[in-house]
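The next block holds one structure in the form of structure tokens; read it before the comments.
Residue numbering restarts at 1 for every chain, and letters A, B, ... go by the order of the sequence lines.
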Amino acid sequence: MPYIEVAGKKIEVDEDGFIQDPSLWDEEVAKFLAKGEQVEELTEDHWKVVRYLKDYYEKHGIAPMIRKLCKDTGFSLKQIYELFPTGPAKGACKIAGLPKPTGCV
Amino acid sequence: MAYFIGTILPYITVAIFLGGLTWHLWRWTAARIPHFIALSPFPKSWAGSVGFIVWQILLFWNILKFDRRLWIGAWPMHVAIGAILGGHILGIYTLGLQFHMIFPYAISEALSESLSDLLGKTIGVIFVAAAAYLLYRRFAYDRVAAISAPSDYLHLLLLLIIGGIGVYMRFVPGASLHYDEARHFLAGLFLFRPEPLPDNVFFLLHFLFVQILMIIFPFSKLMHPFGMLWNRWVVNRPYEEPAMGIPGAQIVAPAGVIYEDSGRTIRVEHWPRFPVKGV
Amino acid sequence: MSGHGPKPEGFRTIPTWEVAKQPAERPRKPAAPHPATKKTLRELGIVEVPDEHKIQVALERLKEQIKERRSYMLAMESCVKCGLCQENCHTFLGTRDPDDSPVGRADLIRKVWKRYFTVQGRLFGKLVGAEDLTLETLQKWYAYFYHCTECRRCGHVCPFGIDTCEVTMLGRQVLFWLGMIPALHADTDVAILKSGNHMKLTKAGAIDTLEFLSDEIEEERGFRVEFPVDKPDSDIVYVPSSADFMLNPDTLKGAALFFEYIGANWTILSTMTEAGNFGFLSDQYRVQRELYRRLLEGAKQLGAKKIIWGECGHGWRAAKLYMRTMADMNNWWHIPVVHIHDEIATYIATNQLELDPSRIPQPATLHDPCNYARACGHTDNMRIIIKACVSDFREMQPNREKNFCCGGGSGVLFDDPEMYPMRIRFSQKKAEQVRATGVADGAEPGILCAPCSICKAQLYPMVDEHELNVEVKGLLDLVGKALVFRGKERLGGTNNEKNQ
């Protein structure tokens, strides 16, 4: 299993770069992962989405429906793609430390 | 040598042929069909299923629909094989008088013999031409050559040789054999009183190559006629659909409605239904 | 918009009549999906067989499987290498790799079977096309059996009906036991064993999402529809199609609107919330069966009388053809399992539903999912539905059971840089078909109706890659939109189309 090093911590990731242990996530990790997802800098808008995702995951144990994400953060899907070029599932969820979506996605 | 080919080998050949055939068919039948893996079309009844399979066999329907260039070689060749086999059995047994026996008033004995000769020539030529075309196709099409093993070419070559010798015997007067001699020889074999081979090198070669074909038959892709039936039995069996009709719904579709969907019969039932026996 | 990787080299749309003239070439190393990690394998309870034992184990498993099932046995022994299936398989049409055609793919196993288990193979070896099994061959199996989308078009066109999909399933099963599984399938299998669905969806997540959908319906239509979860004394259990909870909300809403319209007493089961079954696509012995056990047990507990399947292609085929025999259910009378399209079609055919096609003015075309058309006879019912729901319906050619696969079937939804360009090649034929209907030509996006979750997951990025101006929708989406709730609904409110 490959590792990434962030601020002295070694965090396990899978081959796609999703972190394996969500409890090790923090804002530094998010910034590190963002670079790999073509997001140079995390603005307030980015953080809004990331924090929403993290909260939802902690409450419900799963990533939210894409449309709900759009509605609750107030961004349209197009705007989400502008913020996270690799998409909400792969990009935003990865930066927020959620596990990779599996199945017919 | 001729003694071996004419007297001993035929029995070995038939033993291997029948033994191999039985063994393979037994092996196939011993394998189960655990799941209902139906494939389109979806015949509603066994009659529909059998009809579909017969239709496929008679016309090579799938090949006609999906690859015409293959069909123009495969169908004539297989029809010719069927006619040749039938012609050999009937013709040799009746000494060329099979048409007279089927239509005694319309066809005289002489006409029957010349018909037998003419048909033999025509169908022989068609067979050789179609087999040659298939062999050419196997070389010329890159994609087919890429998946062909040497034995695929050799099978076709063997058929070409057998057919070629047969056609040669038909067309060249000195090479042919009269039905009488052939029947005499074969009858001897069948009745376990083997006679010596007729004095005709072409017959000897034809007979030898046919025996080679029979020996390799159960151990090669030539088993495909049986394979086709065994396989179609797996995928083209009728399937009973459960009935439509949503229990507890306030709006219900009228019961008993039947409509067709790609071969499936959809019927509607009402709930609660009467208890079904045996459940 | 997807930005997942470069287009494959030499990529262009090739008209079909030119295709026959093209040569066929084997690549040196076929594109293979990313393998599963050791951690995932451990969670699945399997250990990867070490290299020095792989061949032995593979041969033993192969022999036992082929001898046991007639479809495998006949696929091994009946093929005459006519090559008909090649030009009719979308993977071959996209890649021109003879090993990527049905006959070539089956040959990967057939050569090994001949070499070890047939008289002619043992005696004559390469002459009859028999080859030893090597680790390189196993690697090829791993690559090519996960290129096949199990669409069964080959079985449909084969003169003998040889189903190369069965060979693919055989290959995948043996590879599963060897521990050679792609990460996508292995992770999804773990999710199935843990949570009964592909996405590790929890009950809390499901309930929250369903509340959100109820809110949406209220906004769009003006009345509230509740989505019951685990409701006791329900008459029917509805199994939503895969990824509805994440990606395809309109499909779930469409189903709920239908049930609301007919006043059905329905529920969703939280222990099995997805119609799909990735176990069917990788490990049929355990994972596929597990999902059915969950469903039947849950349905029995809720006292359901019928199970209605959502629009999922492989899930429906797996349930319709395999559930009975896998779950020891000898007949349908215990608890019949039907598909929602059939039910809706019976209602439409008898004029029980009021639908307004003018709500969907864009031109629409229907993609017949492989599993519906070729395995389940499920084609005309979709046409009954779609013709009643849209105003401008155009057929694709070829259609129904002759239709080509979307290119993503059987979970070939890999994202890694090696396999993603292959997906674009596999869907090339599909893109040609859509272009030919003209639905992508207008100023407004047309509708490509693909009533199968894997097709949707494949087509969402593929319509971008092939630059088609269409929206991918499910059939239940259209039904939900077109249903007229007289006296109840007030259309308007926020238009959520842009958000999808």
Side-chain angles (χ1 to χ4, degrees), chain A residues 1-3 12-22 36-39 49 52-94 98-105, chain C residues 1-4 34-35 37-40 183-185 187-192 195 197-209 212-213 215-216 241-250 274 276 278 312 314-315 408 411 413 415-416 452-458 494 496 498-500:
Chain A
M1 272 280 213
Y3 284 89
E12 219 183 326
V13 292
D14 70 8
E15 72 277 354
D16 274 324
F18 284 82
I19 64 172
Q20 296 299 289
D21 188 356
E37 294 305 305
Q38 303 167 31
V39 178
V49 174
Y52 174 82
L53 284 172
K54 195 68 190 162
D55 278 334
Y56 193 94
Y57 181 73
E58 255 150 42
K59 266 200 222 134
H60 300 101
I62 186 88
M65 176 180 267
I66 308 277
R67 198 182 280 184
K68 187 174 162 91
L69 164 70
C70 294
K71 212 156 181 198
D72 286 349
T73 52
F75 297 123
S76 75
L77 192 62
K78 225 172 167 202
Q79 287 170 303
I80 301 262
Y81 269 99
E82 277 162 23
L83 288 173
F84 300 94
T86 45
K90 306 274 156 45
C93 286
K94 184 192 283 192
L98 269 51
K100 188 165 89 169
T102 50
C104 308
V105 292
Chain C
M1 193 142 120
S2 6
H4 277 280
H34 219 110
T37 56
K38 285 205 174 42
K39 176 165 171 254
T40 316
L184 173 66
H185 291 73
D187 287 333
T188 314
D189 285 346
V190 169
I192 289 178
S195 61
N197 56 64
H198 296 160
M199 299 178 300
K200 295 210 185 90
L201 180 70
T202 53
K203 187 167 177 175
I207 291 180
D208 185 71
T209 309
F212 169 70
L213 292 181
D215 292 336
E216 279 224 318
S241 62
S242 297
D244 271 3
F245 285 92
M246 172 79 91
L247 278 188
N248 308 318
D250 285 331
E274 273 195 69
F278 259 60
C312 178
H314 76 274
L413 295 172
D415 258 331
D416 46 274
C452 157
S453 297
I454 288 189
C455 295
K456 286 178 198 151
Q458 163 78 341
T494 27
N496 281 309
K498 303 238 168 46
N499 277 346
Q500 172 52 330

### Task
Under 4.5 Å heavy-atom distance to chain A, tell me which part of C/F245 shows up: side chain, backbone, both or neither.
backbone

### Query
In terms of side-chain geometry, is the basic nitrogen of C/K39 or A/E12 positioned less than 4.0 Å from the acidic oxygen of its partner?
no

### Task
Using non-hydrogen atoms and a 4.5 Å limit, figure out which bit of C/L184 sits close to chain A: side chain, backbone, both or neither.
side chain

### Task
Under 4.5 Å heavy-atom distance to chain A, tell me which part of C/D244 shows up: side chain, backbone, both or neither.
backbone

### Message
Hydrogens and angles aside, do A/Y56 and A/D72 bring a side-chain donor and acceptor to less than 3.5 Å of each other?
### Response
no

### Query
Which region of C/I207, side chain (C-beta onward) or backbone (N, CA, C, O), has a non-hydrogen atom less than 4.5 Å from a non-hydrogen atom of chain A, or is it both or neither?
neither

### Query
Would you call A/K68-C/D208 a salt bridge at under 4.0 Å N-O?
yes

### Summary
Which of C/K456, C/H314, C/E274 passes side chain to side chain donor-acceptor pair (under 3.5 Å) with C/S242? Answer is C/E274

### Query
Measuring heavy-atom distances to chain C, does A/P64 have an atom under 4.5 Å in its side chain, in its backbone, in both, or in neither?
backbone

### Task
Tell me, please, which residues at least two apart from A/F84 pass ring pair (Phe, Tyr, Trp, His ring centres under 6.0 Å).
A/H46

